[in-house]
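Following: one structure in structure tokens, then a few remarks.
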Amino acid sequence: METVSDWASHGGRQIVCRHGSEATGGEMTFAVFLPPAAKTEPCPVLWYLSGLTCTHANVMEKGEYRRAAAEAGVIVVCPDTSPRGDAADDPAYDLGQGAGFYLDATQAPWAGRYNMKRYVTEELPALVGAEFPADMDRQGIFGHSMGGHGALTLALSLRGRFRSVSAFAPIVAPSLVPWGEKAFGAYLGPERAAWRRHDAVALIEDGARVDEILVDQGEADNFLERELRPELLEAACRDAGIALTLRRQPGYDHSYYFISTFMADHVRFHAERLTK
């Protein structure tokens, strides 16, 4: 593992690292914030999964999570959204590089390198646990848009791995919306039964459970009705008895102005559950 950069911030350290990945067959870059408490003891880990077109840098530079994480004593890890370099690509922004959808692709030309589920749930956690003062028995996960989809589906499919889960403007039912239909068809093939394992609403319908979920959704989000469909998650959680807090925020859109406004609330939500 190579340290690309290392800055002092809020009494802790904001680090960017690069390493060779077996899961994606190339170099991957991720960011990790170590709070001041990490100088003396292992700290819980909060994973942030970014959305379409993003890298680790979007939330690192615009997300404003460090003060809250420093105060709470929580490590924040921000992976990339897809393989890079000579990975398969597509000219559209919503497929290929920057659009890994946190699944393991089975279809050519994506299979073999687009293994983002394995990367963020197996390979990167093993690296973080070995290289940083991380308490891997206390993990939470959250994300934005495509990353909110990833946070929800990984928490639902890996029962017990994460003590807490939240999302900003998540794609809650990708099997039913254009972004998800395009990506799932390309990465997983035409058989829709395989898609259900990567769809939060479908997972809940099929019996997957978490104790509670926090979601913030901007009411001025231009993707709200076509791609995000939070009402579907609301109905699925109600039917399954999952405690969903869905906060509809008037005037807020899909941007990091929205995310940064409510970031501290999410960090504190996770910290309360990770530091018990």
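Between Tyr256 and His144, the ring planes lie perpendicular to each other; the angle is over 60°, past the 30° to 60° tilted range. A perpendicular orientation is assigned to the rings of Phe184 and His198, their planes being inclined by more than 60° (bins at 30° and 60°). Under the 30°/60° scheme for interplanar angles, the aromatic rings of Phe168 and Phe142 are found to be tilted. Between Trp110 and Tyr114, the two ring planes are perpendicular [angle over 60°; tilted spans 30° to 60°]. Under the 30°/60° scheme for interplanar angles, the aromatic rings of Phe223 and Trp179 are found to be tilted.
Listed by chain and number, the residues in a ring pair (Phe, Tyr, Trp, His ring centres under 6.0 Å) with Phe262 are Tyr252, Phe258 (sequence neighbours excluded). By the side-chain hydrogen bond (donor to acceptor under 3.5 Å, both in side chains) test, Glu191 pairs with no residue at all, sequence neighbours left out. The ring pair (Phe, Tyr, Trp, His ring centres under 6.0 Å) test applied to His19 returns Phe30, Tyr119, not counting sequence neighbours.
The only member of Pro79, Cys17, Ser21 that meets side-chain contact (heavy atoms from CB on, under 4.5 Å) when paired with Met28 is Ser21.
Around the CD atom of Glu22, the shell of radius 6.0 Å holds no more than 12 heavy atoms that belong to other residues, nucleotides or ligands.
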Exercise for the section: Given side-chain contact (heavy atoms from CB on, under 4.5 Å), test Glu123 with Arg118 step by step and report yes or no. Expected result: CA-CA 7 Å; Glu123 185 175 35; Arg118 178 152 61 97; 5.6 Å; no
Exercise for the section: Using the side-chain contact (heavy atoms from CB on, under 4.5 Å) rule, take Met116 and Tyr187 through it: C-alpha gap first, then chi angles, then the decisive distance, then the call. Expected result: CA-CA 11 Å; Met116 289 302 296; Tyr187 296 145; over 6 Å; no
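A donor atom on one side chain and an acceptor atom on the other are not found under 3.5 Å apart for Thr29 and His56. Looking only at atom types and distance, the side chain of Asn58 has no donor-acceptor partner in the side chain of Ser50 under 3.5 Å away. Side-chain atoms of Arg84 and Thr81 form a donor-acceptor pair, as typed in the model, at a separation below 3.5 Å.
Ion pairing of Glu219 with Arg248 is absent here, as no side-chain N (NZ or NE/NH1/NH2) approaches a carboxylate O to less than 4.0 Å. Under the 4.0 Å criterion applied to side-chain N and carboxylate O atoms, Arg196 and Glu205 are assigned as salt-bridge partners.
With a 6.0 Å cutoff to the six-membered ring centre and a 45° limit on the axis angle, Arg273 counts as a cation-pi contact of Phe269.
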